[in-house]
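To keep things clear, I will list the structure first and then write my remarks on it.
The figures here come from the full heavy-atom set of this structure, side chains too, leaving out hydrogens, waters and symmetry mates. Below, read A as the first sequence line, B as the second, and so on, with proteins coming before strands; counting in each chain starts at 1.
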Amino acid sequence: MVTVEFLGPIGKPPMEVGAATLAELAEALKRVEGVSEWLGTSAVAINDRMTTDRNAPLCDGDKVSILPPVCGG
Amino acid sequence: MVTVEFLGPIGKPPMEVGAATLAELAEALKRVEGVSEWLGTSAVAINDRMTTDRNAPLCDGDKVSILPPVCGG
Amino acid sequence: MELYDGALDVKAIFGRWLDENHQSNYGAYIPFIGIIREEGGIEALSFDIYEPILRAWFEGWEARAVERGAIVKFAHAIGDVPVHTSSYISAVFSPQRRVALELIDLFVEDFKANAPIWKYDVIGGKRIYAEDRSTPMAGAGVLGE
Amino acid sequence: MELYDGALDVKAIFGRWLDENHQSNYGAYIPFIGIIREEGGIEALSFDIYEPILRAWFEGWEARAVERGAIVKFAHAIGDVPVHTSSYISAVFSPQRRVALELIDLFVEDFKANAPIWKYDVIGGKRIYAEDRSTPMAGAGVLGE
């Protein structure tokens, strides 16, 4: 199981999901209401490192963060 | 007669010169030691307005300023 | 990197950064001060920050600045920041004018685009995500399609 | 436009400009602070200024800034300015970040190139024209040849 955190305006509590890669996690999150619509514009970090690799493997206990569009300053 | 002021590092006191245009003034200043070497790199103002016109007319009482290379900041 | 609850004390931060580098022999110091504009009926803006990734982002910038002999600084607010007060200060110190002018521009623009910070309008006490002013981070959409 | 004898009081000037524009609804304030670097054995830099043409130059810039909804400010020292102190502060206030970042760069570079200010190294109490760092103003050479 990995823990998925939804940052900023997504406003969802963390979820535990079983997934071996980011691609598998994407399949699972697509079906979650209030989350699916953010996937196309959100960036992703595994254990606080940004990644753009859909094939990145996930291990038990990993933390995946979903970062929606930003506007600092 | 016009009054010619030498600014910054030229370090000369003002001179009174008879000249009807900037071109005539240039002829006169070319022969002044400690001034001639600054002419090629200096900008010029007549009565505190910058000019790049060598044919600019000069009137009695005009003030011509010679501005050598700058470095503000 | 400095995070504060609510509006920044601009003069204190500006002055402290100046003092800290007093003997560092930098020739140029350029701060960028972001101030909340009164517009669209807002009483404040509000900010969420994800600190671990913000820190990593900033460390990348510190390394890039050092390569050019410069240093970068920033302070940002968390939570509500009333109009006419400051939510954000960035700064560059550099021996050279050109490096400082180039870095402050790149740094501020990349901050806007890639720092993990979320902005909300505060109107009538309600917090509304500033969706129209927000942009996907570099590499966004990995989980899309 | 503010001219001072000797080093600038950076914090006072920075803070005053901030306060003056507190209610002006500008979203970005970018000061550029020039600090005298210790190099080449100097104890200070020293400056001559020709005020009438400096004022005209600055009025041109004020007009250009207004066209973009912004304002420009500057303060400069006259005479000796010791190392590690400030001789020069410029600033831009603008509603928009991009305008402010673009203007501060153009303004500072044009100041360097065309403000009628002459710089001298002060070494052993002697004032030596900084010829190698000085550049002819736009339109220089009218009296040449």
Report task. Look at atom CD of Glu102(D) and say whether more than 12 heavy atoms of other residues, nucleotides or ligands are closer to it than 6.0 Å. Result -> yes
**Report entry** Other residues, nucleotides, ligands: >12 heavy atoms within 6.0 Å of Glu16(B) CD
**Finding:** yes
Query - Shortest non-hydrogen contact from Ser134(D) toward Pro69(B) - result: CB-O, 3.6 Å
Query raised in the report: CG of Leu29(B) to CG of Leu143(D): how many Å apart, nearest 0.5 Å?
Result: 6.5 Å
Report summary line: Comparing Ser42(B), Ser65(B), Ala45(B) against chain D, the one with the most heavy-atom pairs below 4.5 Å turns out to be Ser42(B)
Query raised in the report: Within a reach of under 6.0 Å around CZ of Arg49(B), are more than 12 heavy atoms found that belong to other residues, nucleotides or ligands?
Result: no
Query raised in the report: In terms of heavy-atom pairs under 4.5 Å with chain B, which of Gly139(D), Ala113(D), Ala140(D), Ala56(D) leads?
Result: Ala140(D)
Query raised in the report: Sub-3.5 Å donor-acceptor pair from the side chain of Trp118(D) to the main-chain atoms of Pro68(B), do we have one?
Result: yes
Requested in this report: Select, from Asp48(B), Thr51(B), Leu22(B), Thr41(B), the one with the greatest count of heavy-atom pairs under 4.5 Å involving chain D.
Outcome: Asp48(B)
Requested in this report: Under 4.5 Å, counting heavy-atom pairs only, tell me which of Trp57(D), Phe47(D), Phe111(D), Tyr120(D) racks up the most with chain B.
Outcome: Tyr120(D)
Query raised in the report: Which region of Ser87(D), side chain (C-beta onward) or backbone (N, CA, C, O), has a non-hydrogen atom less than 4.5 Å from a non-hydrogen atom of chain B, or is it both or neither?
Result: side chain
Query raised in the report: Which bit of Ala130(D) is near chain B, if near means a heavy-atom gap under 4.5 Å: side chain, backbone, both or neither?
Result: neither
Report task. Compare all side-chain heavy atoms of Lys112(D) with those of Cys71(B) and state whether any distance is below 4.5 angstrom. Result -> yes
Query raised in the report: Between Phe74(D) and chain B, which part of the residue has a heavy atom less than 4.5 Å away: side chain, backbone, both or neither?
Result: neither
Report task. Indicate the atoms forming the closest heavy-atom contact of Gly144(D) with Arg54(B), along with that distance. Result -> O-NH1, 3.1 Å
Report summary line: In terms of heavy-atom contacts, Ala138(D) and Ala43(B) come closest through O-CB, 4.4 Å
Query raised in the report: By a 4.5 Å heavy-atom criterion (distance strictly below it), what part of Ala77(D) contacts chain B: side chain, backbone, both, or neither?
Result: neither
